[in-house]
Amino acid sequence: MRSRTRNKSGEYMIKRRKKFLKKKFSKLMQKKLVMSFAAIVLVFVFLIGKITYINAASGDKYTKVVLDQQQYDSRVIPFKRGDIVDRNGTKIATSERIYNVILDAKVMLSNKKYKEPTIEVLKSCFGIQDEDIREVLENNPSGRYNIMKKGVDYATAQEFVKIDEDRENYPYVKGVWLEEDYIRKYPYNTLASDVIGFTVDGNVGSNGIEASYNSILNGTDGREYGYLDDISSVERTVKEPENGDTVVSTIDVQVQSIVEKYILKFNDEHKNQARRGEGSKNTAVIVMNPQNGEILAEASYPNYDLNSPRDLTKYYSKEEIEAMSSEEKLDKLNSLWNNFCVSGTYEPGSTIKPFTISAGFELGVLSGDEFYDCGGMLHVGDHDIHCSNRSGHGSQSLKKSLENSCNVALMHIGNSIGKEEFCRYQRLFGFGEYTSIDLPGEAATDGLLYTAENMDPASLATNAFGQNFNVTATQLAAGFCSLVNGGDYYEPHIVKRIQDENGNVTENKDPVLARRTISKETSDLIKEYMLGVVEEGTGGEAAVEGYAVGGKTGTAEKLPRGNGKYLVSFIGYAPQENPQVVVYVVIDEPNAGQQANSGFATEMASDIMEEIFPYLGVEKASKSE
């Protein structure tokens, strides 16, 4: 019994000892593990700190070492900016592929056998000067991207490609490659310079369609990239460029060419006659389709070469240009680039009279049976306001008052309309409002018109015949189209549609009918009166044989009055029924002894219409007309 008890006691003690040793061993291991983990963490912290220090202190150095052991193959693949074409698809702005010559000096100098043969090819193929090449090699011997020449044409590039691929005859030509690029070109140089505009800094549009449709014309660059070294080849990744879309304009190159021919003719004929070396301060012409607001031609003088938009030598001598400060030169360029048809404002003169008479018909204050007695002057308020004929026109019917451009009759009509309704109709016809034309730089004219609150009787009288408020050529042409098309005011526009590079139409720029201005009955009456202006009145020189042409002349005396400076104009249309074409000619300060001669504008309009009517298929007059 005692022996059994003693055995049990021994077993108990052994178990307790094992339990104690096990517990002690576990604590020891845990302690060691914790210490080991802490040591590892400290090592990582040290390494991270060391790497951070190395990167901050010498990161560029080590990056260069790595990249020197690899060849980084990466290049931008430029997109092609979209074309601008006329309504018939003729290119008036396009991008031509060119190449830049790039020299990898490090590769070229990596073997002494490469240097001289490569220099020789750079000279013979691209015409790069020997000293220019050696200067780059001396100053930047490790440079991998040295632009040696820009704008190399396709033919020259192909000559180099043949050399580069001819390893048998040119085994040591190394380190030269061609970078693709595009250059903007304008095939017709000065044609439609105001409308088209040009690009700066590569693909940033400046002026004209180039600016207003810049985001549509531009695409997105592609890229080719990858890493290559001596023992491995990484597959290249290529992201293809997305080319820009094509803008199809409403311009007709043929009509535009005819317009610019006669603008240039006038200014060449008059530039030596009087005070200045130019034929006019500004000469502008707009040709529109009155049925939808499309602009078929738009031009002004002076113009400029779109391929050399900063060239002033056409208008100034070398000595004059050298004497200009940077600010003066920029002012001259901005003046040259200014689109007078959109940005220029002026008093319209008597071309406003059809608008005044139309408003009178619409309001019922005119019936067509009115007669006015013109003595050559009318006293309004505190002012004696003269007629265009200071001797007076005598008794004038309403129709004759427009044919003879009688200011006195129009002052009476303005008074009958009243200032509130007169100002309302000015806005309805688009004066003082933006036309929303899709060209940049449209002038704001809202502050250049009277309101009913500040218009006095004399201002109402002069506004009625086109003085003492300002318009733009685009405003007047767009408003006039509504007078002759039956009363529909279409927003003037210069673009018909957008196409992708494959010719698929992505967007149509449909005509926008903004509002009605007058009734068809009023339109028919005012056209009858304007037909009389050309057949029996002041616009006789605008007649075109075989066509029924209506229109109105304008002679506006510029501020300050009495200085002998005038802006003369003519706006006309054809045919009489369902007009297809409106032509507006403005000559600002014609270079002549007597500027107040609207015949300058009517003659030019007649020349233009005589040539464009057959081309456009304008309907000829019937014998009854």
Side-chain angles (χ1 to χ4, degrees), residues 63 66-68 70-85 89 91-108 125-126 143-165 174-187 196-206 209-229 232-248 307 495 497-507:
T63 299
V66 172
L67 293 179
D68 282 346
Q70 293 181 321
Q71 180 183 351
Y72 181 63
D73 183 20
S74 176
R75 69 182 182 94
V76 171
I77 306 174
F79 67 84
K80 180 183 178 185
R81 186 174 172 90
D83 294 335
I84 301 174
V85 301
K91 290 182 181 180
I92 50 181
T94 190
S95 292
E96 294 182 358
R97 189 185 293 277
I98 57 169
Y99 301 85
N100 300 327
V101 181
I102 310 300
L103 174 61
D104 187 332
K106 183 172 183 178
V107 169
M108 181 180 174
C125 188
F126 301 113
R144 313 209 67 170
Y145 183 83
N146 298 289
I147 300 176
M148 301 305 299
K149 190 170 185 177
K150 289 186 175 183
V152 172
D153 60 37
Y154 178 79
T156 304
Q158 289 306 299
E159 288 180 18
F160 172 75
V161 170
K162 291 177 183 177
I163 292 171
D164 194 43
E165 293 176 349
K174 301 287 185 179
V176 178
W177 55 281
L178 299 178
E179 178 184 60
E180 293 180 359
D181 204 351
Y182 289 95
I183 187 171
R184 202 65 167 164
K185 288 288 187 179
Y186 303 93
I196 300 170
F198 55 94
T199 59
V200 295
D201 296 328
N203 286 303
V204 179
S206 178
I209 294 173
E210 292 278 31
S212 54
Y213 286 85
N214 186 65
S215 61
I216 289 172
L217 290 162
N218 272 346
T220 305
D221 284 336
R223 195 169 187 86
E224 180 182 72
Y225 55 93
Y227 282 101
L228 302 172
D229 58 33
S232 65
S233 177
V234 179
E235 184 178 351
R236 296 180 181 183
T237 301
V238 177
K239 179 186 176 184
E240 295 294 341
E242 296 179 12
N243 293 331
D245 288 338
T246 295
V247 173
V248 181
N307 292 304
V495 170
R497 61 181 175 273
I498 308 299
Q499 298 175 176
D500 65 21
E501 60 178 320
N502 298 315
N504 302 309
V505 177
T506 59
E507 182 183 1

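None of these values were measured; they are calculated from a predicted model. Side chains are part of it too, since the values below use all heavy atoms of this structure and drop only hydrogens, waters and symmetry mates.
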Asks: Answer yes or no: is there a side-chain heavy-atom contact under 4.5 Å between L178 and V101?
Replies: yes

Asks: Using only atom types and a distance under 3.5 Å, with no angle test, would you say the side chain of D201 pairs donor to acceptor with the backbone of V204?
Replies: no

Asks: Could you give the distance from CD1 (I84) to CD1 (I209), rounded to the nearest 0.5 Å?
Replies: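 Rounded to the nearest 0.5 Å, the CD1-CD1 separation comes out at 5.0 Å.
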
Asks: Taking all heavy atoms of Y182 and all of F79, pick out the closest pair and write down the distance.
Replies: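 Y182 and F79 have their closest heavy atoms at CD1-O, 3.3 Å.
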
Asks: Got a sec, which pairs hit side chain to side chain donor-acceptor pair (under 3.5 Å) with one end in residues 239-248, sequence neighbours left out?
Replies: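 Of all non-adjacent pairs touching residues 239-248, those that pass side chain to side chain donor-acceptor pair (under 3.5 Å) are N243-E501.
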
Asks: Could you tell me the separation between the OG1 atom of T237 and the CD atom of E224, rounded to the nearest 0.5 Å?
Replies: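 The distance works out to 9.0 Å.
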
Asks: Could you tell me which residues satisfy salt bridge (Lys or Arg N to Asp or Glu O under 4.0 Å) with R184, sequence neighbours excluded, listed by chain and number?
Replies: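 Result, salt bridge (Lys or Arg N to Asp or Glu O under 4.0 Å) vs R184: E210.
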
Asks: Can you tell me how far CD1 of I147 sits from CG of L103, rounded to the nearest 0.5 angstrom?
Replies: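 That separation rounds to 11.5 Å.
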
Asks: What's the shortest heavy-atom distance between C125 and E159, and which atoms?
Replies: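 Closest approach of C125 to E159, heavy atoms only: SG-CB, 4.2 Å.
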
Asks: Using 0.5 Å steps for rounding, measure from the OH atom of Y186 to the CD1 atom of I92.
Replies: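 Result: 10.0 Å between the selected atoms.
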
Asks: Quick check for you: to the nearest 0.5 Å, what is the distance between D221 atom CG and N218 atom CG?
Replies: 9.0 Å

Asks: Do I77 and V238 have side chains that approach each other closer than 4.5 Å (heavy atoms only, starting at C-beta)?
Replies: yes

Asks: For R144 and W177, which heavy atoms make the closest approach, and how far apart are they?
Replies: O-NE1, 4.4 Å

Asks: Check for a donor-acceptor pair, side chain of D83 on one end and backbone N or O of V85 on the other, with a separation under 3.5 Å.
Replies: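 Looks like no, no N/O pair under 3.5 Å.
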
Asks: Determine the minimum heavy-atom distance between I98 and G151, stating which atoms define it.
Replies: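 Looking at all heavy atoms of both residues, the closest pair is CD1-CA, 3.6 Å.
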
Asks: Using side chain to side chain contact (heavy atoms under 4.5 Å, CB included), reason through D164 and V176 one step at a time and then give a plain yes or no.
Replies: CA-CA 9 Å; D164 194 43; V176 178; over 6 Å; no

Asks: To check you understand the geometry: which heavy-atom pair defines the closest contact between P187 and A93, and what is its length?
Replies: CD-N, 4.2 Å

Asks: Nearest heavy-atom pair of T506 and Q499: which atoms, and what distance?
Replies: OG1-N, 4.1 Å

Asks: Roughly how far, to the nearest 0.5 Å, is CD1 of I102 from NZ of K150?
Replies: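 Reported value, rounded in 0.5 Å steps: 8.5 Å.
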
Asks: Can you list the residues that meet the ring pair (Phe, Tyr, Trp, His ring centres under 6.0 Å) rule with Y99, with sequence neighbours excluded?
Replies: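 Here no residue qualifies.
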
